[in-house]
Chemist: 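Have a look at this one before I ask anything.
These numbers come from the heavy atoms of this one structure, side chains and all, not from hydrogens, waters or symmetry mates.
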Amino acid sequence: LLKKKSKQQQQQQQQQQQRLAKKNKKDISLPEKLELRRIECVVEDKDVYLYHFCSKYKGRVLIFANTINVVRRIHEMLKLLKINVYPIHAQMQQRQRMKNLDRFRESNNIVLVATDVASRGIDIPNVDYVVHYNVPRNVEIFIHRSGRTARANKDGVSVLMISPLVHEMQSFKRIAHVLSIDKDRDMAELDAEMGVIRRARTRVKLSRQIIARDSTQRQAKSKEDWFLKQAEAMDMIVDEDLLVSTRSKSRRNTGEEKTYQHFKMELHNLL
């Protein structure tokens, strides 16, 4: 009886191990109708290829970045470049996040740029393209991100942007190893004409110059507001000359404003 019971236990244990193996295999698998593609470029050109992709491929595009700062920067850049884009990240109010998700669901040609807050636990139907702006830190994140598309037996594309940075190359190698992905066979490179890329690079460069000047002015304005709040908290009377000097630093001078407007006009004409 003891031997028989032991044999039954062994069979049950084997069956449990098989179920766990199947579950683990399912957990690390990609959707059947998912097409994998890659873009290899230097870090400085990621914005260029991303803008080119969003301009060329119409539909619902979900872009993932590893940090909130990158999400904000991409959103600001693509918005300047006349892309219909909205952000999602953890520092946004829940109401605004849901509003942007609703916009994404209701439009057929839209871009959502997000941190991994949108990679799981949020229902985003009918995503046509997933773009990994940053290589995911591990396999699980790659699967969850990619699983936002090719759902309900529909086709979908997951595009991985890979730079020569050591940590990105190492992360990609781990993902490829675990998922048995051959880069050349299973993840073909996305083609782009050099002439088109050159035009995209010009536009992205102008957008960066505009954003840099906007950022400088915002920082100066923030310092001015902080200075005035501190003076008010200590019940100090601010010297008028000092106030004028502080405010002048938060405004562009005539030459800077002229250059700024020139960049905006040039970008407007290109678009």
Chemist: For the backbone of V127 and the side chain of T149, can you confirm whether one donor and one acceptor N or O come within less than 3.5 Å of each other?
Modeler: yes
Chemist: Specify the closest pair of heavy atoms between V71 and H89, including all atoms of both residues, with the distance to one decimal.
Modeler: CG1-CD2, 4.1 Å
Chemist: Search all heavy atoms of A65 against all heavy atoms of V70 and return the closest pair with its distance.
Modeler: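 So the two residues come closest at CB-CG1, 3.6 Å.
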Chemist: Compute the centroid of each ring, for Y86 and then for H75, and state whether the two points are separated by less than 6.0 Å.
Modeler: no
Chemist: Could you check if a side-chain atom of V159 sits within less than 4.5 angstrom of a side-chain atom of I39, using non-hydrogen atoms only?
Modeler: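 Heavy-atom side-chain distance check passes, below 4.5 Å.
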Chemist: For the residue pair Y133 and N66, confirm or rule out a side-chain donor-acceptor distance under 3.5 Å.
Modeler: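 There is no such pair between these side chains.
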Chemist: Under 3.5 Å, side chain of N100 to main-chain N/O of P87, donor-acceptor pair present?
Modeler: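 Pair found, side chain donor or acceptor close to backbone of P87.
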Chemist: With a sphere of 6.0 Å drawn around NZ of K58, does it hold more than 12 non-hydrogen atoms of other residues, nucleotides or ligands?
Modeler: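 Count over threshold, so yes.
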Chemist: Under the 3.5 angstrom rule, does the side chain of S180 hit a backbone N or O of A176 as a donor-acceptor pair?
Modeler: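 Checking the backbone N and O of A176 against the side chain of S180, no donor-acceptor pair under 3.5 Å is found.
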Chemist: Tell me if the CD atom of Q93 is crowded by more than 12 foreign heavy atoms within 6.0 Å.
Modeler: no
Chemist: Following the transitive rule for hydrophobic clusters with a side-chain heavy-atom cut-off under 4.5 Å over Ile, Leu, Val, Met, Phe, Trp and Tyr, establish whether V42 and V135 coincide in one cluster.
Modeler: no
Chemist: Atom CD1 in I141, atom CZ in F64: separation rounded to 0.5 Å?
Modeler: 10.5 Å
Chemist: What's the spacing between E35 CD and D155 CG if we round to 0.5 Å?
Modeler: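 Taking CD in E35 and CG in D155, the distance rounds to 8.5 Å.
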Chemist: Where is the tightest heavy-atom contact between A200 and V48, given as atom of each residue plus distance?
Modeler: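 A200 and V48 have their closest heavy atoms at CB-CG1, 3.9 Å.
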Chemist: About how many Å separate OG1 of T259 and CD1 of I210, when rounded to the nearest 0.5 Å?
Modeler: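 Nearest 0.5 Å value for the CD1-OG1 distance: 11.5 Å.
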Chemist: Salt bridge check, E44 against K46: does any charged N sit closer than 4.0 Å to a carboxylate O?
Modeler: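 No, K46 and E44 are not salt-bridged.
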Chemist: So, the side chain of D45 versus the backbone of C41: is there a donor-acceptor pair under 3.5 Å, distance only?
Modeler: no
Chemist: Given Y57, which of Y49, Y129, Y51 fulfils the ring pair (Phe, Tyr, Trp, His ring centres under 6.0 Å) condition?
Modeler: Y129
Chemist: Side-chain heavy atoms under 4.5 angstrom apart, residues restricted to Ile, Leu, Val, Met, Phe, Trp, Tyr: same cluster for L190 and I83?
Modeler: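 As far as the 4.5 Å side-chain criterion goes, I83 and L190 are connected within one cluster.
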Chemist: Just jot down the side-chain contact (heavy atoms from CB on, under 4.5 Å) partners of D128, sequence neighbours excluded, or say none.
Modeler: R60
Chemist: Indicate whether any N or O donor in one side chain lies under 3.5 Å from an N or O acceptor in the other, for S146 and H132.
Modeler: yes
Chemist: Return yes if some donor-acceptor pair links the side-chain N/O of R97 with the main-chain N/O of M92 below 3.5 Å, else return no.
Modeler: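 Side chain of R97 to backbone of M92: a pair is present.
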Chemist: Is it true that a side-chain atom of R203 and a backbone atom of L270 form a donor plus acceptor pair closer than 3.5 Å?
Modeler: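 Checked: pair present.
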Chemist: Measure the spacing between CG of L112 and CG of L101 and express it to the nearest 0.5 Å.
Modeler: 6.0 Å
Chemist: Are Q91 and R72 close enough that a side-chain donor and a side-chain acceptor fall under 3.5 Å?
Modeler: yes
Chemist: Does R199 have any side-chain contact (heavy atoms from CB on, under 4.5 Å) partners at least two apart in sequence or in another chain, and if so, which?
Modeler: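 V196.
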Chemist: Under 4.0 Å between a Lys/Arg side-chain N and an Asp/Glu carboxylate O for E266 and K205?
Modeler: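 Answer for the salt bridge query: no.
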Chemist: Of all heavy-atom pairs between S163 and M169, which one has the smallest distance, and what is that distance?
Modeler: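 Looking at all heavy atoms of both residues, the closest pair is O-SD, 3.5 Å.
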Chemist: Taking it one step at a time, do R38 and D184 satisfy salt bridge (charged side-chain N to carboxylate O under 4.0 Å, His left out)?
Modeler: CA-CA 10 Å; R38 76 182 194 276; D184 296 319; 3.5 Å; yes
Chemist: Atom CG of N84 and atom CD1 of I110: how far apart are they, to the nearest 0.5 Å?
Modeler: 4.5 Å
Chemist: Any side-chain heavy-atom pair from L160 and R37 closer than 4.5 angstrom?
Modeler: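 No, side chains not in contact.
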Chemist: Short question: side chain of S215, backbone of A212 - any donor-acceptor pair under 3.5 Å?
Modeler: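 It does not hold such a pair.
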Chemist: Is the closest basic N to carboxylate O distance between D102 and K99 below 4.0 Å?
Modeler: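 Not counted as a salt bridge, because no side-chain N and carboxylate O are separated by less than 4.0 Å.
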Chemist: Taking all non-hydrogen atoms of both residues into account, name the closest pair between D47 and R208 and its distance.
Modeler: OD2-NH2, 3.2 Å
Chemist: For the residue pair E40 and K183, establish whether any side-chain heavy-atom pair is separated by less than 4.5 Å.
Modeler: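 Yes, at least one pair of side-chain atoms sits under 4.5 Å.
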Chemist: If you take all heavy atoms of R137 and S171, which pair is closest and at what distance?
Modeler: O-OG, 4.2 Å
Chemist: For atom CZ of R185, decide whether the heavy atoms of other residues, nucleotides or ligands shown that lie under 6.0 angstrom number more than 12.
Modeler: yes
Chemist: Please step through side chain to side chain contact (heavy atoms under 4.5 Å, CB included) for the pair V61 and V85, ending with a clear verdict.
Modeler: CA-CA 9 Å; V61 181; V85 59; over 6 Å; no
